[in-house]
Amino acid sequence: MNRRRIGIFGGSFNPIHFGHIRLARHIRKEAALDELWFMVSPQNPLKVSHTLLSDDKRLQLVRLALQREKGLKACDYEFRMPKPSYTWNTLQALAADYPDHHFVLVIGADNWACFDQWFRADDIVASYDIVVYPRQGSDIDESVLPTNVSVVHTPLFPFSSTQVRQRIAAGKSISGMVPRAVERMIAEQGLYR
């Protein structure tokens, strides 16, 4: 049986922006993924943040942003997992629930640099393919990577969710930073003000 390759791209997406989407398009193509799932991370109960929108609002923004994107999907799977949500537990549960899929973990070079601190990091490396994308200030020595860890050479995208939130808080336009549907929902609901 030829299993579908599904990338798991986790994050708070607070809010999702064009950098996330363009990066995801590149990763999907370079890593030969059938789909890339934007795994919206639930708020960690131990790290309450006043700038983090509710889980449902962030998921709604991701769904709006991806509605016309081929092969990119919003995913709320971790909302039903015990908190805090550990990547190992998520991957194991996904593999059990979707036996016809081959799951690939997608992380930034900054996360790969501290991957040994992740919960059951050795088990993740032993059990799953990992795709690492570049991040400003985080270099990777590809010659020492395990065989199932690969680097995709994607462009660096110039803005972050923090910058989007700062512009909204300052009453500045975020046009061109986020999809129009996302911009509209943020404006109509007064999010991040």
**Request:** Would you check, one step at a time, whether the test side chain to side chain contact (heavy atoms under 4.5 Å, CB included) holds for V151 with Y133?
**Result:** CA-CA 6 Å; V151 175; Y133 60 88; over 6 Å; no
**Request:** Would you kindly confirm whether W88 and Y98 end up in one hydrophobic cluster when ILVMFWY residues are joined by side chain heavy atoms under 4.5 Å apart?
**Result:** yes
**Item:** Within 6.0 angstrom of R4 CZ, more than 12 heavy atoms from elsewhere
**Value:** yes
**Request:** Could you tell me how the ring of H20 sits relative to the ring of H17: parallel (under 30°), tilted (30 to 60°) or perpendicular (over 60°)?
**Result:** parallel
**Request:** Please report the shortest heavy-atom distance between Q163 and P158, naming the atom on each side.
**Result:** OE1-O, 3.6 Å
**Item:** Validation row: F157, F18 side chains within 4.5 angstrom (heavy atoms)
**Value:** no
**Donor-acceptor under 3.5 Å (N14 side chain, L53 main chain)** = yes
**Request:** Determine, using the 4.5 Å side-chain heavy-atom cutoff (strictly less than), whether V106 and F115 are members of one ILVMFWY cluster.
**Result:** no
**Request:** Indicate the atoms forming the closest heavy-atom contact of I8 with L36, along with that distance.
**Result:** N-CD1, 4.3 Å
**Request:** Treat each ILVMFWY residue as a node, draw an edge where side-chain heavy atoms are under 4.5 Å apart, and state whether I107 and F38 are in one component.
**Result:** no
**Asked** Should E69 and R25 count as an ion pair when the cut-off is N to O under 4.0 Å?
**Response** yes
**Asked** What distance do R167 atom CZ and T162 atom OG1 have between them, rounded to the nearest 0.5 Å?
**Response** 14.0 Å
**Asked** Quick one: CG on D76 to OG on S41, what's the gap to the nearest 0.5 Å?
**Response** 12.0 Å
**Asked** How close do I21 and A65 get, heavy atom to heavy atom, and via which atoms?
**Response** CD1-CB, 3.9 Å
**Request:** Please examine the side chains of W112 and I130, heavy atoms only from C-beta on, and report whether any two atoms are closer than 4.5 Å.
**Result:** yes
**Request:** For I168 and L191, work out which heavy atoms get closest and say how close.
**Result:** CG2-O, 3.5 Å
**Request:** Nearest 0.5 Å please: distance from the CZ atom of R28 over to the CG atom of L33.
**Result:** 8.0 Å
**Prompt:** Would a line drawn from the ring center of Y128 to the ring center of F103 be shorter than 6.0 Å?
**Reply:** no
**Prompt:** Quick one: does R165's side chain get under 4.5 Å of R193's, heavy atoms only?
**Reply:** no
**Prompt:** How long is the span from the OG atom in S161 to the CZ atom in F13, to the nearest 0.5 Å?
**Reply:** 8.5 Å
**Prompt:** Do the non-hydrogen side-chain atoms of R63 and K73 ever get within less than 4.5 Å of each other?
**Reply:** no
**Request:** Inspect the surroundings of CG in N148 and state if more than 12 heavy atoms from other residues, nucleotides or ligands are less than 6.0 Å away.
**Result:** yes
**Request:** Using the rule that two of Ile, Leu, Val, Met, Phe, Trp, Tyr join whenever any of their side-chain heavy atoms come within less than 4.5 Å, decide whether L91 and F119 are in one cluster.
**Result:** yes
**Message:** Looking only at the side chains, is there a donor atom on one of K172 and Q166 sitting less than 3.5 Å from an acceptor on the other?
**Reply:** no
**Item:** Whether W37 and H101 hold their rings parallel, tilted or perpendicular, with breakpoints at 30° and 60°
**Value:** perpendicular
**Item:** L61 CG to D56 CG distance, which is reported to the nearest 0.5 Å
**Value:** 11.0 Å
**Request:** Considering non-hydrogen atoms only, spot the tightest contact between V132 and G108 and give its length.
**Result:** CG1-C, 3.9 Å
**Note, P15 side chain near Y192 side chain (heavy atom, < 4.5 Å)** = yes
**Item:** N/O donor-acceptor pair under 3.5 Å between S127 side chain and D123 backbone
**Value:** yes
**Asked** So, the side chain of S150 versus the backbone of V131: is there a donor-acceptor pair under 3.5 Å, distance only?
**Response** no
**Prompt:** Can L72 and F9 be said to form a side chain to side chain contact (heavy atoms under 4.5 Å, CB included), step by step?
**Reply:** CA-CA 10 Å; L72 305 182; F9 180 33; over 6 Å; no
**From Q60 atom CD to M185 atom CE, the distance as rounded to the nearest 0.5 Å** = 3.5 Å
**Message:** Quick one, K83 with E78, criterion side chain to side chain contact (heavy atoms under 4.5 Å, CB included). Give me CA distance, side-chain angles, the key distance, then yes/no.
**Reply:** CA-CA 9 Å; K83 292 177 180 64; E78 283 191 338; over 6 Å; no
**Asked** Any side-chain heavy atom of L52 within less than 4.5 Å of one from R58?
**Response** yes
**Prompt:** Under a 4.5 Å cut-off applied to non-hydrogen side-chain atoms, are H102 and I6 in contact?
**Reply:** no
**Item:** Heavy-atom check, side chain of I174 versus side chain of F159, under 4.5 Å
**Value:** no
**Request:** Using only heavy-atom distances, determine whether the side chains of D141 and S143 contain a donor-acceptor pair under 3.5 Å.
**Result:** yes
**Prompt:** Do Y77 and D97 get their side chains close enough for a donor-acceptor pair, meaning under 3.5 Å?
**Reply:** yes
**D129 with R5: basic N within carboxylate O range, under 4.0 Å** = yes
**Message:** If I compare all heavy atoms of M39 with all of L94, which pair ends up nearest, and what's the gap?
**Reply:** CE-CD1, 3.9 Å
**Request:** Please test Q67 against L64 for side chain to side chain contact (heavy atoms under 4.5 Å, CB included), starting from the C-alpha separation and ending with a verdict.
**Result:** CA-CA 5 Å; Q67 58 191 349; L64 283 173; 4.2 Å; yes
**Prompt:** Counting only heavy atoms not in R80, do more than 12 fall under 6.0 Å of its CZ?
**Reply:** yes
**Request:** Answer yes if the side chains of Q92 and Y86 hold a donor-acceptor pair under 3.5 Å, and no otherwise.
**Result:** no
**Asked** Is there a chain of hydrophobic side chains (I, L, V, M, F, W, Y, each step under 4.5 Å between heavy atoms) that links I124 to V149?
**Response** yes
